[in-house]
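Worksheet: one structure, shown below.
Keep in mind that this is a model prediction, so the values were computed, not measured.
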Amino acid sequence: RNGIVPSKPPLYHWISATISSIRDSSDEWSIRAPSALAASGILLLTLLLASKLFGRYATQPLLTFIAVVLATSYGFISMAGDARVDTVFSFFITLSIYEILSAYNHNNPLWHRRANFSLFFFAIGLSVLAKRTLVAVLPSVIVVSILWGASSFKEAVTLMIRPRIGWLYVILLAAPFYLIAPLSVADGVKDEFVWRHFIYENLERFMGGDDIPRKEWWFYIPTFLRSA
């Protein structure tokens with residue numbers, strides 16, 4: 001709108017607008033509420049993941065320690081009260097990891113595992129709508145790494161790609177914005193939209209964006225590994 005290309009997809013704005021509509025007030029609380037709610041969800045999911053990964057070693061003192069460390073971390077507190085997309089994005093990434101690890105639990109009934117798979121892809125689709133398209137790779141890399149240690153690399157990769165219909169869900173959930181948005185802007189803005197959302201946000205930002213002098217590709221390997 002107005003010829004301005006947004007830097008991020010609209011999920012955060014949709015959530016904030018929904019909260020504002022429910023409260024009938026578009027104040028600061030409504031704008032920051034998505035981050036605060038997402039931070040609470042991340043804290044809960046972190047405890048659930050710890051219980052799942054540590055198993056019988058996940059004692060009450062350990063879980064309390066994990067919760068306190070996360071809840072009192074400066075970065076976590078700052079982002080929880082900040083009206084930015086990062087906390088909402090992190091929530092859906094964390095949710096996707098939890099769901100795929102739950103689906104890997106063969107002790108759960110088949111219907112339960114299928115529900116976990118569906119929620120995994122649903123969370124990935126929403127994470128794309130919250131941040132950028134390339135983020136769909138992030139939970140896949142994390143989960144494959146975890147399952148590789150628990151079983152084998154082949155089994156881990158197979159688990160990720162076998163439900164191909166799931167990746168179709170991700171496309172159906174995230175693609176409409178990326179298809180409709182360029183069509184709803186002026187001709188002169190379409191190229192900027194495509195460059196911004198597919199090139200800059202996914203690739204050029206790893207190399208410093210517009211504000212940092214460019215260097216050789218190998219210079220950015222540590223930054224890429226830290227980001228992953």
task: May I ask you to check whether over 12 heavy atoms, not counting those of D27, lie within 6.0 Å of atom CG?
output: yes
- request: Could you tell me which non-hydrogen atom of D82 sits nearest to which non-hydrogen atom of R32, and how far apart they are?
  value: CA-NH1, 3.8 Å
message: So which atom in F89 and which in K131 form the shortest heavy-atom distance, rounded to 0.1 Å?
response: CD1-CB, 3.5 Å
statement: When every non-hydrogen atom of A83 is compared with those of Y12, the smallest separation belongs to CA-OH, 3.2 Å
message: I'd like to know if the side chain of T18 reaches the main chain of W14, judged simply by a donor and an acceptor atom lying under 3.5 Å from each other, with no hydrogens or angles considered.
response: yes
query: Under a 4.5 Å cut-off applied to non-hydrogen side-chain atoms, are L37 and I19 in contact?
result: yes
message: Run T87 and F91 through side-chain contact (heavy atoms from CB on, under 4.5 Å) and show every step you take.
response: CA-CA 6 Å; T87 310; F91 167 76; 5.9 Å; no
field: R113 CZ to S102 OG distance, which is reported to the nearest 0.5 Å
entry: 10.5 Å
query: Is the shortest heavy-atom distance from the side chain of L95 to the side chain of F120 under 4.5 Å?
result: no
query: Are W167 and L126 connected in a single hydrophobic cluster, I mean Ile/Leu/Val/Met/Phe/Trp/Tyr linked by side-chain heavy atoms less than 4.5 Å apart?
result: yes
Transitive ILVMFWY cluster of I66, excluding itself - 4.5 Å side-chain cut-off: L47, F54, Y57, L62, L63
- line: Minimal heavy-atom distance between S30 and S20, with the atoms involved, is CB-OG, 3.2 Å
task: Could you state whether I15 and F122 fall into the same hydrophobic cluster, counting links through intermediate Ile, Leu, Val, Met, Phe, Trp or Tyr residues with side-chain heavy atoms under 4.5 angstrom apart?
output: yes
message: Could you see if L45 belongs to whatever hydrophobic cluster contains L53? Use Ile, Leu, Val, Met, Phe, Trp, Tyr and a side-chain cutoff under 4.5 Å.
response: yes
query: For N116 and I100, what are the C-alpha separation, side-chain angles and deciding distance, and is it a side-chain contact (heavy atoms from CB on, under 4.5 Å)?
result: CA-CA 6 Å; N116 291 135; I100 196 65; over 6 Å; no
message: Nearest 0.5 Å, please: how far is CD1 in I97 from CG in L48?
response: 13.0 Å
message: What's the separation between atom NE2 in H13 and atom NZ in K8, rounded to the nearest 0.5 Å?
response: 10.0 Å
message: Under 4.5 Å between side-chain heavy atoms, counting indirect links through other Ile/Leu/Val/Met/Phe/Trp/Tyr residues: same cluster for I77 and L44 or not?
response: no
- prompt: Which pair of heavy atoms, one from F76 and one from A39, lies closest together, and at what distance?
  reply: CZ-O, 3.3 Å
message: Which heavy atom of S35 sits nearest to which heavy atom of M79, and what is that distance?
response: CB-O, 3.6 Å
Reported CZ-to-OG1 distance for the pair F65 and T59, which is rounded to 0.5 angstrom: 11.5 Å
task: Go through L11 and V85 one step at a time and tell me if the side-chain contact (heavy atoms from CB on, under 4.5 Å) criterion holds.
output: CA-CA 8 Å; L11 181 61; V85 303; over 6 Å; no
message: Looking at I124, is its backbone amide N or carbonyl O close enough to the side chain of S127 to form a donor-acceptor pair, meaning the two atoms are under 3.5 Å apart?
response: yes
- request: Group every Ile, Leu, Val, Met, Phe, Trp and Tyr by side-chain heavy-atom contacts under 4.5 Å, then state whether Y98 and L119 land in the same group.
  value: no
message: Can you list everything that forms a salt bridge (charged side-chain N to carboxylate O under 4.0 Å, His left out) with R114? Sequence neighbours excluded, please.
response: none
